[in-house]
Amino acid sequence: MEHNQEFFLKIYNLMDERYGEQNWWPADTAFEVVLGAILTQNTNWNNVEQSIKNLKKEIILTPQNILNIEDEKLKDLIKPSGFYNQKAERLKIISSFIIEKLGCDIKNIKEYPLITGRRMLLNLKGVGEETADSILLYAADIPSFVIDKYTMRMFYRIGFDIDMKYRKYYEIFMDNLPHDVKLFKQYHALIVENSKLFCRKKAVCKGCPLERTCLKKY
DNA sequence: AGCCAGGCCTGCC
DNA sequence: GGCAGGCATGGC
């Protein structure tokens with residue numbers, strides 16, 4: 001299907017006017033964004049909040065403090081967000097990465113070109129494309145567009161091919177939008193907001209700002 | 001009561 | 001390189 005910058009900005013404006021400023025990502029620090037990005041993998045944000053609250057009650061959220069927690073203790077604290085065995089390991093892996101390669105601050109990943117920083121994150125066990133892009137965008141303020149299941153479902157309904165994968169979506173969004181951090185943050189947040197209301201699997205699109213084009217089943 | 005949630009890894013092919 | 005199966009809790 002035909003797509004250009006005007007197309008993507010039009011959809012952005014429709015949602016932006018309807019839903020307003022979303023102020024993503026909800027977190028006090030950049031490192032808290034990193035933790036949330038791991039914890040929210042295939043998990044409701046509500047559960048993540050519970051885990052973060054548990055962690056905050058126990059420690060100040062720094063990479064070193066995460067590393068210092070006993071494994072079993074860490075698993076226990078993040079239990080509400082599920083998959084706690086693998087997520088505990090992933091939190092430790094990315095924490096030591098931040099300490100060893102980034103001088104304890106995820107924002108220092110800015111010193112690398114986007115492609116390089118992105119690859120460094122992707123090389124970590126437990127960090128896939130969406131998690132990497134979420135961290136780059138929302139923790140480090142680097143314009144790397146975040147794709148997720150909602151994005152693909154919504155734009156499939158608008159007319160994109162069913163077999164398009166993350167990488168293809170990523171390329172299209174990166175190629176057809178100005179690389180602006182604020183725009184990228186708000187765009188992804190708006191997609192999630194709209195999808196929660198209108199584009200769940202079995203939902204009908206009536207009332208969706210994209211109603212006229214969003215007619216397909218997923 | 002099942003389905004879903006802001007995915008990713010492994011082990012096959 | 002693509003895909004099924006596993007990972008686990010909590011909300012509706």
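Residue numbering restarts at 1 for every chain, and letters A, B, ... go by the order of the sequence lines.
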Q: Examine C:dC7: is either OP1 or OP2 under 4.0 Å from a nitrogen or oxygen in the side chain of A:Tyr84? Give yes or no.
A: no
Q. Per the atom types in the model, does the base of C:dC7 pair as donor or acceptor with the side chain of A:Gln86 at under 3.5 Å?
A. yes
Q.
Looking only at the side chain of A:Asn46 (C-beta and beyond, no hydrogens), which of the listed nucleotides C:dG10, B:dC9, C:dG11 gets closest?
A. C:dG11
Q: Classify the angle between the aromatic ring planes of A:Trp24 and A:Tyr138 as parallel (below 30°), tilted (30 to 60°) or perpendicular (above 60°).
A: perpendicular
**Q.** Comparing A:Thr40 and A:Lys125 on DNA chain B - which has the more 5′ nearest nucleotide
**A.** A:Thr40
Q) Considering heavy-atom distances to DNA chain B, does A:Asn44 or A:Gln41 have its closest nucleotide positioned more toward the 5' end? A) A:Asn44
Q: Could you work out the separation of C:dC7 and B:dA1 based on their P atoms and round it to a whole Å?
A: 25 Å
Q | Whole-Å P distance, B:dG11 and C:dA8 | A | 16 Å
Q.
Just to verify, which of A:Lys185, A:Lys182, A:Lys110 counts as forming a side-chain hydrogen bond (donor to acceptor under 3.5 Å, both in side chains) with A:Asp141?
A. A:Lys185
Q) What does A:Gln50 touch in the nucleic acid at a heavy-atom separation under 4.0 angstrom: a base, only the sugar-phosphate, or nothing? A) nothing
Q.
Tell me which nucleotide, if any, is Watson-Crick or G-U wobble paired with C:dA8 when both distances must be under 3.5 Å.
A. none
Q | Charged N-O contact under 4.0 Å between A:Glu89 and A:Lys92 | A | no
Q: For A:Val127, report the nucleic acid contact type (base, sugar-phosphate, nothing); a contact means any heavy atom under 4.0 Å.
A: sugar-phosphate
Q | Given C:dT9, C:dC7, B:dC8, the nucleotide with the shortest approach to the side chain of A:Asn47 | A | C:dT9
Q) So what does A:Lys165 touch, heavy atoms closer than 4.0 Å: a base, only the sugar-phosphate, or nothing? A) sugar-phosphate
